[in-house]
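So the structure is just underneath, and the comments pick up after that.
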Amino acid sequence: MADLAAAGPLLDALAARGVPADVQVAGDLRLDLAVRRVDATAVVNLVGEDATAAVRAFTAEYLAYLADIQVPTVNGLDAFVIGASRARQLALLDHLGVHHPPARVVANASGVDAAVAELGAGAAATVVWDGPPVVVQAAADAGEIVTLAYVAGRQVAALAGGEAVAVDPALARLGEEIVRTGGLELGSLRFGVDALRGTPTCVGVSTGWPIAVLDEVADHVLGRITAG
C-alpha cells in the first residue's frame, strides 16, 4: 500500500540494500479474511490523509488483518488512524496540550458554513479537510515552518525551507512525545511559532517523511524485516 511518490525512492533504497520489494496500491487489493498468511516479509504503510474515504476505510481493515496474522507492519493501524484523519490528529494534539490552529469537526459538508461562522475566521481564512469526518480549521499563521522528521520515534532531521536547522530541545522532546503517543514509526511534524503566543504551533502530523531522511527510513524497514 503506498503513496506512489514516496514508494519509488524507498523501493530503490531497499533494492540497494539487497531487499526486493514491490508496491501494492490499496485501492486495487482484495481482502479475504479467511486467508491466514500473506506473501510478505513486512509491509510498509504509506497511505495518508489524501486517500479517499473508501480507500482509508479499506486500509484500516487491511492493517487490522495484518496485525491479526502477525505480519510486521511499519506504520500499522494506530499510526494509520493518526496519519489518515485530521480529526484524530487534532484529538492527539489536544490530548497532549499542544497548540494548533482552532478547528471544528462536523459530520459532513452541510456543517461547514456553521463551523466557519463559529470560528469567526471567514471562508478565505479556513481550510476544509474532507472526511469523514470533515474538519474545518483556521488557516495557520505560524511564521516560518519547521519540519521535524522521525524514524522509530527518534528525531532524525529538522528542516526549514529545505535546509537543516537546530531546534530547541523542548520542541524536540514535544515532537517525540507526539509521535510516540500516536504510534508513528515513520512520520513528520510541521511546527511554527505564533508571534503573539510565542509557543510552538503544530500545523501538521503526517506519516510521510522528507526525502532527506530516506536512508534512515530504509535502514529502519530493513531492521523490522530482519527482526520479523
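Starting from 1, each residue takes its place in the sequence as its number.
Between Gln70 and Asp68 the shortest side-chain heavy-atom distance does not fall below 4.5 Å. Counting heavy atoms from C-beta outward, Thr207 and Leu186 have side chains that stay 4.5 Å or more apart. For the pair Leu63 and Phe58, the minimum side-chain heavy-atom distance is 4.5 Å or more. For the pair Val165 and Leu159, the minimum side-chain heavy-atom distance is 4.5 Å or more. In this structure, the side chains of Val167 and Phe191 stay at 4.5 Å or more apart for every pair of heavy atoms. Contact annotation: the side chain of Leu96 approaches that of Glu177 to within less than 4.5 Å [non-hydrogen atoms, C-beta and beyond]. No side-chain heavy atom of Pro72 sits less than 4.5 Å from a side-chain heavy atom of Ile225. No side-chain heavy atom of Asn108 sits less than 4.5 Å from a side-chain heavy atom of Pro132.
In this structure, CG in Asn75 is found 9.5 Å from CZ in Arg224, a value given to the nearest 0.5 Å. Note that CD1 of Ile178 and SG of Cys202 are 5.0 Å apart. Values are rounded to the nearest 0.5 Å. Between atom CZ of residue Arg17 and atom CG of residue Asp12 there is a gap of 11.0 Å, rounded to the nearest 0.5 Å. The distance from the CD1 atom of Ile69 to the CZ atom of Arg36 is 6.5 Å, given to the nearest 0.5 Å. A distance of 10.5 Å separates OG1 in Thr59 from CG in Leu31, rounded to the nearest 0.5 Å. Between the CG atom in Leu90 and the NE2 atom in His95 there is a gap of 14.5 Å [rounded to 0.5 Å].
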Problem set entry | side chain to side chain contact (heavy atoms under 4.5 Å, CB included) between Leu148 and Val146, intermediate numbers included | CA-CA 6 Å; Leu148 306 182; Val146 175; 3.8 Å; yes
Exercise. Does the side chain to side chain contact (heavy atoms under 4.5 Å, CB included) test come out yes or no for Leu29 and Val25, once each step is laid out?
Worked result: CA-CA 7 Å; Leu29 291 173; Val25 178; over 6 Å; no
For this session: Please assess Val134 against Asp130 for the test side chain to side chain contact (heavy atoms under 4.5 Å, CB included), listing each intermediate value before the final yes or no.
Result: CA-CA 5 Å; Val134 175; Asp130 290 336; 5.6 Å; no
Exercise. Can you check salt bridge (Lys or Arg N to Asp or Glu O under 4.0 Å) on Asp78 and Arg88, steps first, answer last?
Worked result: CA-CA 10 Å; Asp78 289 346; Arg88 295 315 305 163; over 6 Å; no
Problem set entry | Test log, rule side chain to side chain contact (heavy atoms under 4.5 Å, CB included), inputs Val135 and Arg104 | CA-CA 6 Å; Val135 173; Arg104 298 292 184 272; over 6 Å; no
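The two atoms that bring Thr201 and Pro101 nearest to each other are CG2-CD, 3.8 Å, heavy atoms only. When all heavy atoms of Leu184 and Ser206 are compared, the pair lying nearest together is CD2-O, 3.5 Å. Contact detail for Leu11 and Ala21: the closest heavy-atom pair is CD2-CB, 3.6 Å. In plain terms, the two heavy atoms of Ala51 and Arg56 that are nearest each other are O-NE, 3.0 Å. Across all non-hydrogen atoms, the minimal contact from Val71 to Ala42 is CG1-CA, 4.4 Å. Looking at every heavy atom in both residues, Ala115 comes nearest to Val106 through CB-CG1, 4.1 Å.
At distances below 3.5 Å, at least one donor-acceptor pair connects side-chain atoms of Ser188 with backbone N or O atoms of Gly208. Judged by distance alone, with hydrogens and angles left aside, the side-chain atoms of Asn45 form no donor-acceptor pair with the main-chain N or O of Gly76 at under 3.5 Å. Proximity of a side-chain donor or acceptor of Tyr65 to a complementary backbone N or O of Val35 within less than 3.5 Å is detected. Judged by distance alone, the side chain of Gln89 and the main-chain N or O of Ile82 form a donor-acceptor pair under 3.5 Å.
With sequence neighbours excluded, the residues satisfying side-chain contact (heavy atoms from CB on, under 4.5 Å) with Ala60 are Leu77, Phe80. Here Asp94 pairs with His100 under the side chain to side chain donor-acceptor pair (under 3.5 Å) rule; sequence neighbours left out.
Residue pairs that meet the side chain to side chain donor-acceptor pair (under 3.5 Å) test with at least one member in residues 147-174, sequence neighbours left out, do not exist here.
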